[in-house]
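Just so you know, these numbers use all the heavy atoms, side chains as well, and skip hydrogens, waters and symmetry mates. Letters A, B, ... mirror the listed sequences (proteins, then strands); counts begin at 1.
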Protein chains: 2
Amino acid sequence: MTPQRPTMNDVARAAGVSLKTVSRVVNGETTVAPDLAAKVRAAVETLDYRPHLGASMLRRNDRRTRTIGVLLDDVSHPFSAAVHRAIEDQARARGIHVLTGSLDQDPARERDLAAAFAERQTDGLILAPTGADLDHLAFHVDMPVVFVDRLPTGATGDTVVSTNVSGAAGAVRHLIARGHRRIAYLGANLRLSTARERFLGYQRALGHRAGPAVHDLHDLTAAERATVAVLRGPSSATAIFAAHSMATIGAVRALRHLGRQHRIALVGFDDFPMADLLDPPITVVAQDPARLGRTAALSLFERIEGHTGPPREIRIPTTLIPRGSGEL
Amino acid sequence: MTPQRPTMNDVARAAGVSLKTVSRVVNGETTVAPDLAAKVRAAVETLDYRPHLGASMLRRNDRRTRTIGVLLDDVSHPFSAAVHRAIEDQARARGIHVLTGSLDQDPARERDLAAAFAERQTDGLILAPTGADLDHLAFHVDMPVVFVDRLPTGATGDTVVSTNVSGAAGAVRHLIARGHRRIAYLGANLRLSTARERFLGYQRALGHRAGPAVHDLHDLTAAERATVAVLRGPSSATAIFAAHSMATIGAVRALRHLGRQHRIALVGFDDFPMADLLDPPITVVAQDPARLGRTAALSLFERIEGHTGPPREIRIPTTLIPRGSGEL
DNA sequence: CTACTGCGAGACAACGTTGTCTCTCGATTT
DNA sequence: AAATCGAGAGACAACGTTGTCTCGCAGTAG
């Protein structure tokens, strides 16, 4: 019925040699007489033979699938997408393929997808942890894991993250230098290490003068509401530090809506598209998602190649980009 | 040395049953006595046994890897990322995993990655064609392929694309209705079906009055330069139709730089982040990338399930979103 | 002219799982 | 009470490939 793909046996028959000889030619072994090798290659060509990676994997000693898994928060978010792309580029250079998944901060999905990738025998995993306990990894996932963007809880491994504390502190000091004293904080759930670290940087920069803070902001409308709240509140902030891009964009929208975009200073953590074309252009602490991804990939490939040694924590520097909104 | 993962044999020994009984329990067959099944499940638990998908795949009759390949232009581009995410969501609902790759409009990469995915026995492929001849697909890729965003050349299959001609024509008519007569076109290489179709829509709407057109625009700076050129040229356009988001953003930047963003009308094809927050807000013909991805995924899964029948071409409608820049 | 060496090539087992066949044993039918 | 049946469980082969072993043969040494 269905025309089956040819196997090594078919090639062997067509070339008039033994199956094993075909295997040798396909694997580039040099111990085959040139004329036989030529016949085999011809047969491979005409039959359009392609090795069955599953079977080969099963028998081979090294057991490599040349595939890695990448689990990020949301592959359609610009930050995750940039990390993803950088990983893909590193993988491609090595002929390695990439299985992807979006976690949407859901620990169950994190657990399930990590386990599923392990079952599929991926050679390694790059994970942006949701913040939940990862003790299941040690049990179920027997491959190198590198964490990116967020610190893991309940597991150890190489970790590549931004300089969140100093980046956030720098942003806030930038506002302080402009004379602001009542600076509000908008950020995500503190379960996430990024939120914790950025909030810490905010607090360090302000000392006892820390202003109103709203956490747990994930979608745009929540961020917009929170912006209105911190401006209306008793402390009536004159400046806002938004600790992730969704919060920043929410703040931009709310300020615009209130007509106060030129009166309230705003610095966001994580750059976003078009930030420089808005009015005012938005000052941000830019992360380097491509470098995060690239570095994580390099770490992972080192581990896959057998590098051992204690887990490394690599910090990728952030850059303050003053554009106008933070200089009011 | 390396602690090997347990196999079915290990589980069988631990549970005191035969290997085949373990296989039956793992695969949820009902012909196993409850007490034996319980023993097996306990052993699976304590040994943390996970089936070897490669081996199972090799022997099974249906030969499904429950993995599909997705090849898009650039997973970090917002449009591709949204398509990707929609596909992933459909796949997840079916417990299917996704291998991704970015093609960057490179036919060689398209060919290599398609072949590599075929070797990996993916169950199907969703492809945004680069525009090059795809006759190699029929030869080397024996799985269902669904095309998304762009029409294939040299291959057939279900195809899910936007209503490019009518969308572009609508954009241009919108400008004509505002009194514009000299409307420039900025677009990508006409090798891409999207560029061809959008240019066709532009020409249809304008008839013999078509204005200056610049093709082959891919990066921002080229689009900026082209914008300056069509404004300075002999026909001195009063409006611009930008046929993809990179061209639109380039035009926005150039107009801003020239200080003419409130004098020259602009409509872009494909929405982009923050378009509504710019000054002026940018009028666009919005595509529905999520629906494109979802529809492509549904088509592919139907084909994987065995649906036969002639290739379908599905058009996803576009929506004109007037925001200001096109109403000057 | 026999014995040894080395290399090319095939035979065979094995990887971890599932499909098929067979066997046992208790229950039902006549 | 003998024959039949069915369900549960194991033995065995097979999936497509690679690792290992062996064999044959040409070339060389004694």
Decide, yes or no, whether a salt bridge links A:R92 with A:E88 under the criterion of side-chain N to carboxylate O below 4.0 Å.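 A:E88 and A:R92: salt-bridged.
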Is A:R85 salt-bridged to B:D104, cutoff N-O under 4.0 Å? yes
In whole Å, I'd like the distance from the [atom1] atom of [X] to the [atom2] atom of [N].
X     : N      : atom1 : atom2 : value
B:D10 : C:dC15 : CG    : C1'   : 13 Å
B:N27 : C:dG19 : CG    : P     : 7 Å
B:D62 : C:dT18 : CG    : C1'   : 11 Å
B:M57 : C:dC15 : CE    : C1'   : 14 Å
A:L58 : D:dA14 : CG    : C1'   : 12 Å
B:R63 : C:dT18 : CZ    : C1'   : 11 Å
A:R5  : D:dC15 : CZ    : P     : 18 Å
B:M8  : C:dT17 : CE    : P     : 5 Å

Does B:N9 reach a base, just sugar-phosphate, or nothing at all? Heavy atoms under 4.0 Å.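 Answer is nothing: B:N9 stays at 4.0 Å or more from every strand.
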Would you classify B:T7 as touching base, sugar-phosphate or nothing, given that sugar-phosphate means primed atoms plus P, OP1 and OP2, and contacts are heavy atoms under 4.0 Å? sugar-phosphate
Can you check whether any acceptor in the base of C:dT17 is under 3.5 Å from a donor in the side chain of B:R59, or vice versa? no
Nearest to the A:R60 side chain among D:dT18, D:dT17, C:dG16, which nucleotide is it? D:dT18
Do [X] and [Y] pair up side chain to side chain, a donor and an acceptor below 3.5 Å, judged on atom types alone?
X      : Y      : value
B:T65  : B:D123 : yes
B:S56  : B:R60  : yes
B:R120 : B:T67  : no

Side chains of A:S102 and A:D74 in contact at under 4.5 Å (non-hydrogen atoms): yes
Is there a side-chain contact between B:R5 and A:Q121, using heavy atoms and a 4.5 Å cut-off? no
Using a cut-off of 4.0 Å between protein heavy atoms and nucleotide atoms, how would you tag nucleotides 5-10 of chain C 5' to 3' with B, S and -? ---SBB
